[in-house]
Every structure is written in structure tokens, then in C-alpha cells.
Amino acid sequence: MWEEKLALYDRLIANCPGIERKGKTMPYTSANGYMFSQLNKDGELGIRFSEEVKKKYMQELKTGPFKAYGAVLKGYLLIPESMWNDSDKICGLINESHRYVMTLKPK
């Protein structure tokens, strides 16, 4: 199950030019010193946005916050499993998230 989700996450990231998957045990993407997408141990995908954008997408996508290791990650949105087959939509969200973290003060 988790291996299937990891393979799908890798395919989704590969569909986003200029974005590289990192991490061996905790797959993620990062830029500017900030993670902006992550696959948790339950095989769920979270993507980071500003709080305002996150709230908008929570309503639009009918989803909630993303959790990893039992904690809610600030700014992260849980991507509904029903969306995982729409790689173009997810790539668009990942690219939007990348643009967002690039506006933050570098770490």
C-alpha cells in the first residue's frame, strides 16, 4: 500500500518540471529552505500554502489539514485521494506551493 503511494507520489512529482523529490524514509519536496509537499507514513499527500489559500482549497476540495506523525502541519492541506489520478491538477497545486515558499524569507 505505502509503496504504491510512494510510486504514485514519485510519478506526480516527475510530472512537475523543475521539482525534485527528496527524502528516503519521508518523501518530500523543498525549496528556499521550506518543505512544500510531503507523503506521510499513511500514504497521504500534503501540500503547503499560505493560510488564506489553504482555507480556500479546503472548501473547494472538501478536505482538511494534513497530518504527519500525529501532528497537524501548519499551512498544509490534505490532498483527497480522489484527486491522485489528476496529475495535471496536482502538479498545478505543487507548482503554486513552490511559488509560495519562494516568497518566504530563505532559511
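Index from 1, following the sequence.
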If a pair satisfies side chain to side chain donor-acceptor pair (under 3.5 Å) and one of its residues is in residues 40-55, list it, with sequence neighbours excluded. N40-E44, E51-K54
For E81, give me all partners under salt bridge (Lys or Arg N to Asp or Glu O under 4.0 Å), at least two apart in sequence or on another chain. K5
Heavy-atom distance under 4.5 Å between the side chains of K74 and P65, does that happen here? no
Salt bridge (charged side-chain N to carboxylate O under 4.0 Å, His left out) pairs, two or more places apart, involving residues 11-33: D10-R21
Excluding sequence neighbours, so at least two apart, what forms side-chain contact (heavy atoms from CB on, under 4.5 Å) with N85? none
Are L8 and M26 connected, step by step, through hydrophobic side chains (Ile, Leu, Val, Met, Phe, Trp, Tyr) whose heavy atoms are closer than 4.5 Å? no
Cluster link V53 to I79, ILVMFWY, side chain under 4.5 Å: yes
Would you indicate whether the side-chain heavy atoms of L45 and L78 approach each other to under 4.5 Å? no
Does any part of the side chain of N15, heavy atoms only, come nearer than 4.5 Å to the side chain of D88, both counted from C-beta? yes
Please list all pairs passing the ring pair (Phe, Tyr, Trp, His ring centres under 6.0 Å) test where one or both residues lie in residues 67-86, with sequence neighbours left out. F66-Y76
Counting C-beta onward and ignoring hydrogens, is there a side-chain heavy-atom pair between M35 and T29 closer than 4.5 Å? no
Residues L73 and Q38: closest non-hydrogen pair is CD1-OE1, 3.0 Å
Any side chain to side chain donor-acceptor pair (under 3.5 Å) pairs touching residues 95-107, not counting sequence neighbours? Y57-E96
Suppose we screen for side chain to side chain donor-acceptor pair (under 3.5 Å). Which residues come up paired with D86, at least two apart in sequence or across chains? none
Hey, are the side chains of S37 and Y9 touching, using non-hydrogen atoms and a 4.5 Å cut-off? yes
List for me each residue that meets side chain to side chain donor-acceptor pair (under 3.5 Å) alongside T63, sequence neighbours excluded, and say none if there are none. none
Calculate, to the nearest 0.5 Å, the distance between atoms CG and CG belonging to L61 and L93 respectively. 6.5 Å
Inter-residue atom distance C16.SG - I94.CD1, 0.5 Å rounding: 4.5 Å
Can you confirm whether more than 12 heavy atoms, excluding those of E4, are under 6.0 Å from its CD atom? no
For K67, which residues count as a side-chain contact (heavy atoms from CB on, under 4.5 Å) partner, sequence neighbours excluded? V72
Are L6 and P27 packed together at the side-chain level, in the sense that at least one heavy-atom pair is separated by less than 4.5 angstrom? yes
For M102 and A31 the tightest heavy-atom approach is SD-CB, 3.8 Å
Rounded to the nearest 0.5 Å, how far does CG of L77 lie from CD1 of I47? 7.0 Å
Please find the pair of heavy atoms, one from I19 and one from I13, that lie closest to each other, and give the distance. O-CG2, 3.7 Å
Identify, with sequence neighbours excluded, every residue that meets salt bridge (Lys or Arg N to Asp or Glu O under 4.0 Å) alongside E3. none
